[in-house]
Amino acid sequence: MTTDQLITWAGAQDWQRETRRSFRSSALMFYRWAVDAGRTEANPAEKLPKVKAADPTAMPAPEAVYARALAIAQPRERLMLRLAAECGLRRGEVARVHSNDLVRTFDGWTLVVHGKGDKTRNMPLPDDLAAELRKLAPGWAFQGADKGHLSAAWIGKLIARMLPGVWSMHSLRHRFGTVAYSVDRDILVVQELLGHVSPVTTQRYVRLPAESLRRTVNAVQRTA
């Protein structure tokens, strides 16, 4: 297929934005392999127009969904749920919770979280959650076959079984970001708690409550 044929064919498809992005990525990888393997001399996918990713929006799990999951969870899964929804941990961070990372500070218990890129952050723990973690045997909180602990993928599957429809363990992290922001409206605090490099990323985890938007508009009207 020539460059013009590929561009014409792709442009004629009635695809959503993410489908176009996926097709372009797949075409690029295929033709790069073909060039390296000597099957063709040119990569026509290089001239396909770039497709900007859609801006992600916050998808916090509703409180009713979280409450139901807690109600049906076994003690181990309940801890996983709480670490995600009430502390904002990723599934890989939940997998690596270890008794050595529970630290007593002047104002309570803190968990040293092992995040992406081997970065760590300190997560203040609610007293009752800290007490539950301290009841566990020394070592990994969730023991398994992945270097002694459960894998992130398996933890994600365990939690997904208790969440209906589109909701996932990551949506519990969004729930934490949204609720945490509502406390003081401080995006930098939420950024620190979620372990993000940029507050721009954190904004994608926060859904502003509809009542706040309406209250702001009504306030503006009264002062006009």
Side-chain angles (χ1 to χ4, degrees), residues 56 58-181 183 189-197 201-202 204-206:
M59 285 283 290
E63 293 305 302
V65 168
Y66 178 45
R68 178 185 176 277
L70 287 175
I72 64 176
Q74 296 297 316
R76 182 180 68 162
E77 285 73 30
R78 184 180 173 86
L79 275 177
M80 296 175 184
L81 284 165
R82 294 195 63 191
L83 287 166
E86 299 176 30
C87 296
L89 269 63
R90 304 175 177 94
R91 61 183 188 173
E93 295 167 347
V94 172
R96 288 183 287 174
V97 171
H98 194 282
S99 58
N100 290 344
D101 295 322
L102 286 169
V103 180
R104 178 72 176 179
T105 59
F106 72 94
D107 59 349
W109 286 92
T110 295
L111 176 67
V112 179
V113 178
H114 298 273
K116 288 183 176 180
D118 292 327
K119 294 180 180 179
T120 61
R121 67 183 185 278
N122 295 327
M123 172 59 62
L125 292 173
D127 290 340
D128 62 331
L129 180 53
E132 290 298 318
L133 289 171
R134 292 173 60 220
K135 290 178 184 177
L136 301 177
W140 299 111
F142 309 109
Q143 297 181 8
D146 185 2
K147 299 179 181 179
H149 56 75
L150 292 178
S151 69
W154 183 245
I155 287 179
K157 289 181 180 179
L158 288 174
I159 299 305
R161 293 173 181 174
M162 292 173 279
L163 299 172
V166 300
W167 309 112
S168 65
M169 191 167 183
H170 202 64
S171 69
L172 296 176
R173 182 167 154 85
H174 280 228
R175 182 261 182 195
F176 172 81
T178 296
V179 175
Y181 180 75
V183 175
V189 168
V190 182
Q191 175 192 348
E192 180 73 17
L193 292 172
L194 286 174
H196 288 151
V197 175
T201 303
T202 307
R204 300 169 185 165
Y205 284 68
V206 174

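Since this is a predicted model, take the numbers as computed values, not measurements.
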Minimum-distance pair of heavy atoms, taken over all atoms of Ala152 and Gly92:
CB-CA, 3.6 Å
For the pair Ser171 (side chain) and Ser168 (backbone), establish whether a donor and an acceptor sit closer than 3.5 Å, ignoring hydrogens and angles.
yes
Are the side chains of Leu83 and Phe142 in touch, meaning some heavy atoms are under 4.5 Å apart?
yes
Rounded to the nearest 0.5 Å, what separation is found between the NE2 atom of His114 and the CZ atom of Arg121?
11.0 Å
With distance as the sole test, does Arg175 use its side chain to make a donor-acceptor pair with the main-chain N or O of Pro62 at under 3.5 Å?
no
At what distance, to the nearest 0.5 angstrom, does CG of Leu194 lie from OG1 of Thr201?
10.0 Å
Any side-chain heavy-atom pair of Asn122 and Leu111 under 4.5 Å
no
Does the side chain of Met80 come within less than 4.5 Å of Met162's, by heavy atoms?
no
Is there a donor-acceptor pair under 3.5 Å between the side chain of His174 and the backbone N or O of Met59?
yes
Does the Arg91 side chain pair with the main chain of Ile155, one donor and one acceptor, at a distance under 3.5 Å?
no
Shortest non-hydrogen pair, Val190 vs Ala180, comes out as CG2-C, 3.9 Å
Grab the two heavy atoms, one from Ala141 and one from Leu136, that are nearest each other, plus how far apart they are.
CB-CD1, 3.7 Å
What's the spacing between Asp101 CG and Glu93 CD if we round to 0.5 Å?
11.5 Å
Would Leu70 and Arg82 count as a side-chain contact (heavy atoms from CB on, under 4.5 Å) if you check the C-alpha gap in whole Å, the side-chain angles of each, and the deciding distance to 0.1 Å?
CA-CA 8 Å; Leu70 287 175; Arg82 294 195 63 191; 4.0 Å; yes
Which heavy atom of Trp140 sits nearest to which heavy atom of Lys147, and what is that distance?
NE1-O, 3.5 Å
Beyond-backbone contact of Glu77 with Arg161, side-chain heavy atoms, under 4.5 angstrom:
no
Can Leu193 and Phe176 be said to form a side-chain contact (heavy atoms from CB on, under 4.5 Å), step by step?
CA-CA 10 Å; Leu193 292 172; Phe176 172 81; 3.9 Å; yes
Indicate yes or no for a side-chain donor-acceptor contact from Thr110 to the backbone of Arg104 under 3.5 Å, with no hydrogens or angles considered.
no
Heavy-atom count around Trp109 CH2 within 6.0 Å, excluding the residue itself: above 12?
yes
Which atom names give the shortest non-hydrogen contact between Leu79 and Leu129, and what distance separates them?
CD2-CD1, 3.6 Å
Indicate the atoms forming the closest heavy-atom contact of Pro126 with Cys87, along with that distance.
CD-SG, 4.2 Å
Take a 6.0 Å sphere around CD of Glu192 and say whether it holds more than 12 heavy atoms from other residues, nucleotides or ligands.
no
Can Leu150 and Arg76 be said to form a side-chain contact (heavy atoms from CB on, under 4.5 Å), step by step?
CA-CA 12 Å; Leu150 292 178; Arg76 182 180 68 162; 3.6 Å; yes
Is the backbone N or O of Leu89 less than 3.5 Å from a side-chain atom of Arg173, with the two atoms forming a donor-acceptor pair by type?
no
What's the verdict on side-chain contact (heavy atoms from CB on, under 4.5 Å) for Leu125 and Arg134, showing C-alpha distance, side-chain angles and the deciding distance?
CA-CA 11 Å; Leu125 292 173; Arg134 292 173 60 220; over 6 Å; no
Name the orientation class of the two ring planes belonging to Tyr205 and His196 (parallel below 30°, tilted from 30 to 60°, perpendicular beyond 60°).
tilted
For the pair Gln191 (side chain) and Val197 (backbone), establish whether a donor and an acceptor sit closer than 3.5 Å, ignoring hydrogens and angles.
yes
Crowded around Asp127 CG? As in, over 12 foreign heavy atoms under 6.0 Å?
no
